[in-house]
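Below: one structure, written as structure tokens.
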Amino acid sequence: MTKKYTYLYFLFFSILLLNTCANNNVKAYYLVTGSHANNIELNTINDLKNDLSKVVDAPIYIISETDKFPENGILFVTGTTETNPLIKELAEQKKINLSSEIPGSRGGIWSKTTLSNGQNAIVIGGSDIQGFQYAVYDYAQQVLGIDPLEYWTNKLPNKKTSKDLFNFEAKTIAPPKVPILAYFENDVDELANYRGNLLEYDWESYTEMINSLVRLRYNAIQFFDMLGRPEFFIRPEYKTLKPDYKIDIAYLDKMIDYAHSKGMKIQIDFELGYQIHPMDEDKAECWSTYKEDWIAAWKYYLEETPLKKTDIFVLRPRNQVWDWEYKSSCGESKIAVFNEVYEAFGKLVDDYKPEATKVTVCYSDGMEMFNEGFNPPKDWIIAWSDHGFGDFKHLPNDTKGYQFGTYMHAGYWLNHTVHNPYPNKVETVMKSMFQNYGADKYCLINGQNFRPFLLNLEAYSAVCNNPEAFNGDTFYKTWTQRYFNKESAKHAVASMEFLHKAQEGRKGYVEHLWEIREAVAYLSNTPINRPGKTPIPYSYERVENDLENTKLVEINLKKALGEAEKGLKKVNSENNFYHAYIYLPTLLYSDLIAFETTLHHITILKRLFENTNNPKFLEDAITLLPETIKKLDIVYKHRADGDLNKKWANWYAIKNRRQNNGFPTMKMIEAIDANLNELLALHNIENK
């Protein structure tokens, strides 16, 4: 090596060493806020401070752009051209390309620049406050390594040097395709109950959910269960669960304020059954007679309750107390009724909150009505609903000039225990709705109890942000490799694909609970009793309809569990998230299907006895009961064991689950045992 190259070699490594020392000895980090920063902006900057504290060791300070800047330390200049004069100055000097129009509402930038005093700085800015938020949270995820779902996944970032913080190219964050992405808090029993206070939403978990949603670009949240849904204080199973249920209005108000402080708009469905101010069910079935009562109830919401803080008003053209089709008790046309209802309610909203957004969420009956002449005023957005599993049963004949959006499900009540992952369906269906119906003005995502549905929730966010860039296969690979090594990620995707296949035909864990009730009813010769509804007679035909599909579910779940087990063996032993998100849901679903399958075997034997009068079939059925008990014990054991991470202890406890379609019990097996033995005894008496 020549002297020249030896010198250059030495110089290069001397500089590298000095940089490394400097990187590891930064005295402090300074987040420079604007003098006009509002509460949302300051909250976001505080989030950035907390994120930085996870990856660097030096102290972090928040200072104002009016303060004298320290000579040593790394500066982050934050905000918008409206809230931070320093950012405005940098934009006017053409050092950064940012204004309220560039990149536009909900858009932002990252940039490296030199300030007028010669100091280097990182600029994180937005065209508006939401654009600033996305710029901050994107930087936190992509540069600092902060997982937006950290609370739920326990994925922690690695330490960073100051050099790492500058290791990015200037970036423009474009405004999302869909301007309003709302989260629907619905059927959230597990999230509410798992810490032990039944139907009382845990502040930590609920606010962490909001924090994660904001990082995923959700900018609105619809409170629903929080308002005291009718089931909680009317349905017998809930009254048994919590006889003294009462909504805490002050707590709701506090939660609304928290969501607002994080930049979320508040969305409320102004139905009239909430405990916050319930209306009599009879009045909800005849608009023409009780319209003044409807209007008075809405006014009460807007004048006397925290719902006065609503930003996005939702109304569904259906029963205003219960979640079912409007069936008039006084001979009205429901289309005529809701054409009037939307005029009246829309006028009320305009009087109280003229700047608010109004959304018509059309379920199946509402979609049919829209195609047949239901026409709310043109300033209502029309949100078209999927059938619960990411696809559409009904499509609009004509959008009729309305702004169109969608109401989609990341989770559904038929599968709220076990997720149905379908990012590929998210891709094809959403792109079709955007392209064919212009349904990109609004999107509402039902996340059920949030935690099991993280993948679908993020997929919907990604496609609503940038549909052209979204690819289901790529998303699957990227998402799983974010949490697992490549080998485990490969098995995770394969397992989830089989899990999705197991739920074809709108099947799911909760749907199988209903099928189990059908089998138990037939085997015990008792009707299916439903609170407040007519009992359903037992019959073999009901169970027969379930036999073939359950076999297919069993085949796919066996494959899903096999792939999950392979990945579990290869994952880092400290990564409990693989167990929680990939392995455990498939195991729980498999347990339930194994139990149901045993009931089906007994069902077939009982039917053979009925057709042949041969007691051997009953005797064989009875011998299967001990196996059935074992399978039920496994269902309970694995749900009781739950997650490896004790943070989520009791999430799957039977007492904490949503009270829909019941749950199999030992009493059911005892009833089957008694009935089969009684049938056998009667047969033996009759054939002596």
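Values below: all heavy atoms of this structure, side chains included; hydrogens, waters and symmetry mates excluded. Here the structure is a predicted model, which means the values were calculated and not measured.
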Whether the side chain of Ser461 engages the backbone of Leu216 through a donor-acceptor N/O pair (distance < 3.5 Å, no angle test) should be reported. yes
State whether a side-chain donor-acceptor pair under 3.5 Å links Asp311 with His260. yes
Any idea how Phe345 and Trp380 line up, ring-wise: parallel (<30°), tilted (30 to 60°), or perpendicular (>60°)? tilted
Ignoring hydrogens and geometry beyond distance, is a side-chain donor-acceptor pair present between Gln448 and Asp187 at under 3.5 Å? yes
Within the supplied structure, the quantity of interest is the number of heavy atoms (other residues, nucleotides, ligands) at a distance under 6.0 Å from Lys262 NZ; does it exceed 12? yes
Mark yes or no: Arg229 above the aromatic ring of Phe224, with NZ or CZ under 6.0 Å from the six-membered ring centre and no more than 45 degrees from the axis. no
Is it the case that Glu303 and Tyr352 place a side-chain donor and acceptor less than 3.5 Å from each other? yes
Considering residues at least two apart in sequence or located in another chain, which fulfil the side chain to side chain donor-acceptor pair (under 3.5 Å) criterion with Asp257? Lys309
State, yes or no, whether a side-chain contact exists between Ile210 and Met264 at a heavy-atom distance under 4.5 Å. yes
Within 45° of the axis and under 6.0 Å from the centre of the six-membered ring of Tyr134, does NZ or CZ of Arg217 qualify? yes
Listing request: all disulfide bond (SG atoms under 2.5 Å apart) pairs with a residue in residues 209-259, at least two apart in sequence or in separate chains. none
Is Lys507 atom NZ crowded by more than 12 heavy atoms from other residues, nucleotides or ligands, each under 6.0 Å away? yes
If only atom types and distance count, is the side chain of Lys425 paired as donor or acceptor with the main-chain N or O of Phe389 below 3.5 Å? yes
Check: Asn660/His416 side-chain N/O donor and acceptor closer than 3.5 Å: yes
For a salt bridge (charged side-chain N to carboxylate O under 4.0 Å, His left out) check, start with the C-alpha distance between Lys431 and Glu468, then their side-chain angles and the critical distance, and finish with the verdict. CA-CA 8 Å; Lys431 287 183 179 180; Glu468 292 182 5; over 6 Å; no
Partner of Tyr201 under ring-ring contact (aromatic ring centres under 6.0 Å, His included), chosen from Phe232, Tyr206, Tyr251, Tyr258: Tyr206
Taking the six-membered ring of Phe370 as reference, does the cationic atom of Lys400 (NZ for Lys, CZ for Arg) lie under 6.0 Å from its centre and within 45° of its axis? yes
Taking the inter-plane angle between the rings of Trp298 and Trp287 on a 0 to 90° scale, is it parallel (under 30°), tilted (30 to 60°) or perpendicular (over 60°)? tilted
Establish, for the pair Arg235 and Trp322, whether the NZ or CZ atom is under 6.0 angstrom from the six-membered ring centre and no further than 45 degrees off its axis. yes
Without hydrogens or angle criteria, can the side chains of Arg658 and Tyr238 be said to hold a donor-acceptor pair below 3.5 Å? yes
Step by step, would you call Tyr300 with Glu304 a side chain to side chain contact (heavy atoms under 4.5 Å, CB included)? CA-CA 5 Å; Tyr300 183 88; Glu304 305 296 335; 3.6 Å; yes
Would you sort out whether Glu271 and Arg316 count as a salt bridge (charged side-chain N to carboxylate O under 4.0 Å, His left out), showing the intermediate values? CA-CA 8 Å; Glu271 68 165 45; Arg316 293 174 289 180; 2.5 Å; yes
Who passes side chain to side chain donor-acceptor pair (under 3.5 Å) against Lys393, sequence neighbours left out? none
Which of Leu395, Asp440, Asp386, Thr428 passes side-chain contact (heavy atoms from CB on, under 4.5 Å) with Met433? Answer is Leu395
Test item: Thr357 and Phe313 side chains (from C-beta on) under 4.5 Å apart, heavy atoms: no
Ring-face cation contact, Trp203 with Lys254, 6.0 Å cut, 45° max: yes
Quick one: do Ile180 and Ile312 satisfy side chain to side chain contact (heavy atoms under 4.5 Å, CB included)? Show the steps, please. CA-CA 10 Å; Ile180 300 173; Ile312 302 172; 3.8 Å; yes
Non-hydrogen side-chain atoms of Glu458 and Phe475 separated by less than 4.5 Å: yes
So, do Tyr326 and Gln320 sit near enough that their side-chain heavy atoms are less than 4.5 Å apart? no
